[in-house]
Amino acid sequence: MDSNMTKNNENYYKANQIVLSKSTSNTENSEECFLINDKILKDSEGKKISNFSKFKNLIRIELHKVLDRRYDNVILFAGAGASVVMKENSINDEYGKTIAMIAQDINDILEETNGVYSIDELSNLMKEDKSKVTNKKNKLDESFNLEDFISKLQSYKQFVDKNKKKKFENTIKKIYEVIIDKTKYSYNPEVMKHRQILDLLIKKVQSPNKLSVITTNYDTLFEEAAELDNYVVFDGFNFQYNSSFNSDMFNWNLVKEVPFMKTRELEYKKRVFNLLKIHGSLTWIKDGERILKSSKTEIINDKNKSPVMIFPSSNKYALSYTEPYFSLLTKFQELLNLKNTLLITTGFSFADNHIAEMVIQAIKNNPSLTTLITDYDIDKKEKNWKKLEGMRETNSIYLLKATLNGDLTEYIGDYDAD
């Protein structure tokens, strides 16, 4: 290639000693080539690889050197990106959305709703810099941070004038209603791959251990995917008629006695996994001191029932020390520190400092923890991401450009060894 040609490198896989990337020249023909450690990638015959499917297969081969090891424990951590579905190079808004998209929805709905403040009006009330909130087209500024904004609303609540208090409280309630509304989508096996990832990862777990799925998402995609394939989900709720939360349930398993065996051997049910929803769920409700599990339909139709959820705000760190969140995070930390564990993250940006620090400390303190971080972009500038990048040379950390509802299951599944 011409040395004067401008090239754009897009990293697809990063390991300790290897980086596989795609390079596109900035010319009219946009010539594409594939690189290994910034050098032209060639096949076994010394020919330049120019086929994207061959390039992806080489990534699979490298990746399976890690995945095909025997692990005692497997953890899948699913962030907001795990619920996102792409449609013609943009996010399909029928399903999971980014926080920025939900923030814009909140802005638009508040503008259209009577008896509540708009985001601009809230900014004026709290004496925020309006230029950092919306522009002339009523679109939120790129710097707008929903989590910070809700935190300021919660802090300002005590200072609101008595004549404005009811409207202010109705506004916060409406914001929460919008967040809930934007998470009530259902699992669609035509465009989502939660079933496939469960099937692939459960095969890697040896009984009596179980796959553990951890998620920050409120939606019920994993539960619905599990139901389609007759999985039993241990989500911390007991199996009573009015199912209530009891973290001890994660330690249970399903077994049956093997007939005609004098030794009374036990057979473990294989289609079983733990599900830890560390920020709560659309289907959880409070009943006095108990947390009960309800149906999604019941929650949506009954406005008097509020789901048990940690909404975006800096206050979520304090809430994480209350139940059921404390028990769920304690269990997650316990899983991270188990020997010979594989952690796979998908759709999690590591912007959540509390959770990111738990993972970072586990990597530092558990030398037998192998971590595969997957996302649509593995070159993020976020501080926790950069910290993990810096740890890659001395720890078992691997980064893969892939999304759950995109090609992650293709990478984790079978590959062409030739």
Side-chain angles (χ1 to χ4, degrees), residues 9-21 35-39 58-82 197 200-201 204-206 209-216 274 276 278 329-404 408 411-412 415:
N9 282 15
E10 190 176 15
N11 291 319
Y12 274 73
Y13 181 69
K14 296 181 182 181
N16 189 351
Q17 302 291 331
I18 183 172
V19 176
L20 291 165
S21 53
L35 310 174
I36 179 168
N37 298 336
D38 290 327
K39 296 179 180 178
L58 283 173
I59 294 174
R60 288 189 193 97
I61 292 170
E62 288 298 321
L63 185 61
H64 276 263
K65 292 176 183 177
V66 178
L67 296 179
D68 291 348
R69 298 172 193 162
R70 186 182 177 91
Y71 295 98
D72 294 325
N73 306 283
V74 179
I75 305 169
L76 174 67
F77 189 102
I197 197 74
L200 287 166
L201 295 183
K204 293 185 178 296
V205 181
Q206 300 295 316
N209 295 327
K210 302 189 297 258
L211 168 69
S212 290
V213 177
I214 322 294
T215 183
T216 54
N274 285 332
L276 284 71
I278 57 178
L329 285 166
T330 300
K331 182 64 180 178
F332 177 39
Q333 199 160 30
E334 176 190 312
L335 290 167
L336 287 173
N337 287 297
L338 291 174
K339 289 183 179 179
N340 196 25
T341 293
L342 170 65
L343 168 66
I344 299 175
T345 75
T346 177
F348 183 62
S349 66
F350 287 88
D352 187 316
N353 291 322
H354 189 203
I355 296 170
E357 194 58 33
M358 286 177 69
V359 174
I360 289 168
Q361 289 304 316
I363 292 170
K364 288 180 179 178
N365 297 316
N366 184 358
S368 65
L369 176 65
T370 298
T371 306
L372 172 63
I373 299 168
T374 73
D375 202 70
Y376 72 95
D377 174 20
I378 58 172
D379 295 309
K380 295 181 188 292
K381 304 302 180 187
E382 200 276 326
K383 65 175 183 178
N384 291 323
W385 195 277
K386 297 285 283 183
K387 191 182 290 187
L388 286 161
E389 278 268 25
M391 296 167 65
R392 186 163 50 90
E393 290 185 10
T394 54
N395 295 275
S396 297
I397 300 175
Y398 306 84
L399 293 95
L400 173 69
K401 179 180 170 63
T403 60
L404 177 54
L408 177 58
Y411 283 113
I412 292 177
Y415 64 94

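Starting from 1, each residue takes its place in the sequence as its number.
Side-chain contact between Lys331 and Ile214: absent, with no pair of heavy atoms (C-beta onward) separated by less than 4.5 Å. Between Ser349 and Lys380, some side-chain heavy-atom pair lies under the 4.5 Å cut-off. Contact of the Leu67 side chain with the Leu342 side chain is registered, since non-hydrogen atoms from C-beta on lie closer than 4.5 Å. The shortest side-chain heavy-atom distance between Leu388 and Leu399 does not fall under the 4.5 Å cut-off. For the pair Lys204 and Leu201, the minimum side-chain heavy-atom distance is below 4.5 Å. The closest side-chain heavy-atom distance from Phe348 to Ile373 is not below 4.5 Å. Within the 4.5 Å cutoff, no side-chain heavy atoms of Lys401 are placed close to those of Asp375. Counting heavy atoms from C-beta on, the side chains of Asn337 and Gln333 come closer than 4.5 Å.
Minimum heavy-atom separation, Leu369 to Ser396: O-CB, 3.9 Å. Residues His64 and Tyr411 approach most closely at NE2-O, 3.0 Å, considering heavy atoms. What you find for Lys381 and Lys386 is that their closest heavy atoms are O-CG, 3.6 Å. Of all heavy-atom pairs between Tyr13 and Ile59, the closest is CB-CG2, 4.0 Å. Heavy-atom minimum distance, Ile378 versus Trp385: O-NE1, 3.4 Å. Shortest non-hydrogen contact noted between Val19 and Asn11 is CG1-OD1, 3.4 Å.
One finds the CG atom of Asp352 at 7.5 Å from the CD1 atom of Ile278 (value rounded to the nearest 0.5 Å). Atom CD1 in Ile360 sits 4.5 Å away from atom NZ in Lys387 (nearest 0.5 Å). In this structure, CD1 on Ile397 lies 10.0 Å from CG on Leu343, to the nearest 0.5 angstrom.
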Under 3.5 Å, which donor-acceptor pairs link side chains of residues 71-79 to any protein atom two or more places apart or in another chain?
residue, atom, partner, partner atom, Å
Tyr71, OH, Val66, O, 2.8
Asp72, OD2, Asn340, ND2, 3.4
Asn73, ND2, Lys339, O, 3.3

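Applying the side chain to side chain donor-acceptor pair (under 3.5 Å) rule to Glu389 yields the partners Lys14, Arg392; only residues at least two apart in sequence or on another chain are considered. Taking the side chain to side chain donor-acceptor pair (under 3.5 Å) definition, one finds that Glu357 meets it with Gln361, sequence neighbours left out.
A distance-only check finds a donor-acceptor pair linking the side chain of Thr374 to the backbone of Thr345 [under 3.5 Å].
Screening Leu400, Thr403, Leu200 for a side chain to side chain contact (heavy atoms under 4.5 Å, CB included) involving Leu408 leaves a single residue, Leu400.
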